[in-house]
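Notes for the one structure printed next.
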Amino acid sequence: MTALLKYSWLCLASGMLVQANCQDSFARPVFAAIDKNDDGLRALNREIWENPETAFQEFHAHKVLTDYLEEQGFNVTRNAHGLETSFRAEYSNGGGRTVSFNSEYDALPGIGHACGHNLIAVAGVGAAIGVKEALENHNLKGRVVLLGTPAEEGGGGKIKMLEAGAYDDVDCSLMTHPGNSWYSNYAPSLASWRANVTWTGYGAHAALSPWQGRNALDGFVSAYTMTALYRQQMRPDERIHHVIVDGSGMIPNQIPDYIRAVWGARASTLESRSRLVDQVYDIVEASAKATNTSVDLVPFQDYWNLVPNQALSYQYYHNHMTYFDPTKNNATAGFQNDHPDKEIESGGAAASSDQGNVSWKVPAIQTGFPIGGSAPNHNSGFTELAGTDFAHRQAMISGKTLAMTGIEVLRNETFAKLIWEEWRELVGSQQ
Ligand SMILES: *[C@@H]1O[C@H](CO)[C@@H](O)[C@H](O)[C@H]1NC(C)=O
Ligand SMILES: *[C@@H]1O[C@H](CO)[C@@H](O)[C@H](O)[C@H]1NC(C)=O
Ligand SMILES: *[C@@H]1O[C@H](CO)[C@@H](O)[C@H](O)[C@H]1NC(C)=O
Ligand SMILES: *[C@@H]1O[C@H](CO)[C@@H](O)[C@H](O)[C@H]1NC(C)=O
Ligand SMILES: *[C@@H]1O[C@H](CO)[C@@H](O)[C@H](O)[C@H]1NC(C)=O
Ligand SMILES: *[C@H]1O[C@H](CO)[C@@H](O)[C@H](O)[C@H]1NC(C)=O
Ligand SMILES: [Zn+2]
Ligand SMILES: [Zn+2]
């Protein structure tokens with residue numbers, strides 16, 4: 001009875017609920033190791049949030065993260081896999097399988113950490129610390145790899161790292177992302193394509209001799225309008241979006257001669273995305289023809305859809321419900337779907353990530369956690385939410401859940417085989 005009480009107390013102390021199942025021999029020490037470092041992790045989180053750096057410029061984040069990981073006893077490689085702001089931190093006790101986590105830390109131009117990647121950074125570090133504890137002190141065999149993956153927002157850092165071999169020798173890639181709800185990532189994310197599109201016309205006085213001009217803004221507007229009309233025929237999982245990033249017009253009495261825009265197209269399979277992209281080409285060509293301007297389209301992003309892994313998603317969900325059941329605590333509640341299966345039914349969270357590309361190489365998941373409030377990702381309100389203590393606690397819950405999911409891959413051979421079998425089946429059928 002005394003022992004049981006003590007055990008429950010320890011579960012409670014490490015952030016678990018009293019009702020939680022504390023039978024798993026790894027959960028207590030793993031969660032305690034993460035909790036013991038909470039002050040350091042909170043400081044790291046704040047440091048990254050207060051100093052937002054955009055794609056490939058994450059020098060400060062790279063420094064504070066690698067210094068911290070070295071202090072924690074990881075083998076750290078700075079500027080790893082060919083990128084100045086990426087890193088690799090490892091801990092191995094020889095033999096066994098390898099679990100890998102991703103830490104992102106890039107911010108968005110102009111609005112800071114509006115995607116909360118500061119939280120992804122520390123959730124990854126927490127997960128790695130947790131698995132290291134199990135490897136170092138609790139007879140688990142294997143290796144944990146934490147990859148510092150820059151430039152998720154547009155730059156595709158993971159794709160460059162993938163090409164440089166970062167994921168060659170790992171058995172899975174696990175990560176988590178802040179948002180508005182808990183999410184186990186059983187629904188696929190979308191394949192994403194982006195291009196720079198510029199319209200070039202000819203400037204002229206808009207009153208004196210408009211007939212001498214050719215209007216680049218009209219080129220953009222007609223393409224925008226054709227897309228808006230076409231959207232009615234698009235499927236629920238398909239997206240086209242666009243923004244003007246540079247227009248030469250500053251005064252109304254000059255016919256704009258140059259517009260630079262960025263266009264994106266997404267869909268849940270490569271096949272349907274390719275159909276959508278063909279349509280974008282047709283639309284911009286038609287717009288140029290109709291406005292007698294010239295158009296230039298240069299693609300620069302190709303994130304593949306995320307290959308879902310039911311076994312990993314279910315294991316993550318199971319761990320989450322076992323240790324941190326959000327329905328038992330209104331402060332941390334907020335399921336979009338209260339079961340992974342429903343994520344598929346509801347069409348899934350339709351964002352995209354360079355983690356999609358990683359999932360074509362190894363079994364992978366990108367789960368989600370809510371950070372309070374209702375501001376959506378990429379809104380300045382989300383930037384504020386991402387800096388709160390509450391958001392940090394949610395990130396730690398997710399890091400612990402990731403750690404236990406990684407431990408399952410290391411200790412359970414049947415499970416490790418299962419995730420690869422499922423991966424082979426899906427990747428085989430999609431290629
Ligand atoms: C760190 O790296 C060295 C050199 O590769 C290796 O011998 C050692 O086993 C590694 N230590 C851990 C804990 O992974
Ligand atoms: C289109 O622009 C060219 C100059 O680039 C001009 O020669 C031609 O007459 C224009 N066509 C129309 C229909 O205005
Ligand atoms: C796309 O445009 C951005 C500026 O908005 C530029 O930095 C980048 O090099 C362009 N990419 C390509 C492939 O032209
Ligand atoms: C959560 O809130 C609902 C009402 O919003 C209440 O009925 C329920 O008892 C609360 N649960 C907990 C565990 O506080
Ligand atoms: C190992 O994983 C398999 C497949 O998920 C599961 O059925 C089994 O119960 C696990 N073994 C243990 C000891 O948890
Ligand atoms: C991922 O990204 C690159 C483009 O950046 C693309 O060419 C490649 O085929 C994609 N897929 C995989 C599995 O790497
Ligand atoms: Zn984002
Ligand atoms: Zn993001």
Side-chain angles (χ1 to χ4, degrees), residues 52 54-57 69-78 80 88-96 98-100 102 104-121 128-129 131-137 140-146 149-159 169-170 175-180 189-190 192-199 239 241-247 258-264 266 295-303 349-356 366 368 371 375-383 385-386 410:
T54 55
F56 298 121
Q57 303 301 312
L69 287 158
E70 215 159 52
E71 264 167 44
Q72 290 285 329
F74 287 90
N75 266 352
V76 176
T77 309
R78 294 176 168 81
R88 182 181 185 97
E90 283 197 23
Y91 185 89
S92 165
N93 60 16
T98 300
V99 56
S100 80
N102 291 328
E104 295 176 359
Y105 31 82
D106 60 321
L108 289 155
I111 46 171
H113 278 289
C115 212
H117 294 184
N118 55 305
L119 300 163
I120 303 180
I129 288 175
V131 175
K132 176 170 170 285
E133 169 68 21
L135 294 172
E136 200 170 6
N137 301 316
L140 183 67
K141 271 264 157 263
R143 182 167 63 137
V144 57
V145 174
L146 177 64
T149 61
E152 188 281 330
E153 297 287 352
K158 292 186 200 71
I159 296 173
D169 54 354
V170 305
M175 66 175 293
T176 189
H177 196 299
N180 298 123
S189 74
L190 305 180
S192 174
W193 169 95
R194 270 188 213 173
N196 287 340
V197 188
T198 54
W199 281 264
R239 306 276 187 278
H241 28 239
H242 24 223
V243 65
I244 294 178
V245 292
D246 185 21
Y258 181 72
I259 296 291
R260 195 155 57 83
V262 179
W263 284 56
R266 313 187 198 209
V295 70
D296 184 40
L297 185 155
V298 185
F300 66 88
Q301 186 195 82
D302 180 14
Y303 289 180
S352 311
S353 167
D354 52 0
Q355 179 72 347
Q366 173 165 222
I371 60 172
N377 294 62
H378 292 201
N379 176 294
S380 57
F382 199 86
T383 311
L385 295 173
L410 296 181

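Order of listing sets the numbers, starting from 1, for every ligand and every atom in it. Quick note: numbers below take in every heavy atom, side chains included, and nothing from hydrogens, waters or symmetry partners.
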Whether the side chain of Asn196 engages the backbone of Phe300 through a donor-acceptor N/O pair (distance < 3.5 Å, no angle test) should be reported.
no
Proximal atoms of ligand 3 relative to Phe300 (non-hydrogen, under 4.0 Å)
13 (C)
Give the atoms of ligand 3, by number and element, whose distance to some non-hydrogen atom of Val298 is under 4.0 Å.
13 (C), 14 (O)
Under the side-chain contact (heavy atoms from CB on, under 4.5 Å) rule, what do Phe74 and Val144 come out as? Steps first, then yes or no, please.
CA-CA 9 Å; Phe74 287 90; Val144 57; 4.1 Å; yes
Between Ser92 and Arg143, do the side chains contain an N or O donor and an N or O acceptor separated by less than 3.5 Å?
no
Can you see whether Ser192 engages Gln301 through a side-chain donor-acceptor pair at a distance of less than 3.5 angstrom?
yes
Which of the atoms in ligand 1, numbered in the order shown and given with their element, are less than 4.0 Å from a heavy-atom of Tyr91?
13 (C), 14 (O)
Heavy-atom protein contact below 4.0 Å for [atom]:
{"atom": "atom 7 (O) of ligand 1", "value": "no"}
{"atom": "atom 11 (N) of ligand 3", "value": "yes"}
{"atom": "atom 14 (O) of ligand 1", "value": "yes"}

What protein heavy atom is closest to [atom], reported as residue, atom name and distance in Å?
{"atom": "atom 9 (O) of ligand 3", "answer": "Asn196 ND2, 4.7 Å"}
{"atom": "atom 4 (C) of ligand 3", "answer": "Arg260 NH1, 3.2 Å"}
{"atom": "atom 3 (C) of ligand 1", "answer": "Asn75 ND2, 3.4 Å"}

Qualifying residue for side-chain contact (heavy atoms from CB on, under 4.5 Å) with Ile120, from Glu152, His113, His177:
His177
Pick one: which of Asn379, Asn377, Asp106 meets side-chain contact (heavy atoms from CB on, under 4.5 Å) with Cys115?
Asn377
Looking at Glu153, the N, O or S atom sitting nearest the Zn ion (ligand 7) is OE2
Please report the closest heavy-atom contact between His378 and Ile111, naming both atoms and the distance.
O-CD1, 3.7 Å
Nearest non-hydrogen partners of Lys141 and Leu135, listed with the distance
C-CD2, 3.8 Å
Any N/O/S atom from His117 (main chain or side chain) under 2.8 Å of the Zn ion (ligand 7)?
no
So, regarding Ser92 and ligand 1 (criterion: nitrogen or oxygen to nitrogen or oxygen, under 3.5 Å), is there a contact or not?
yes
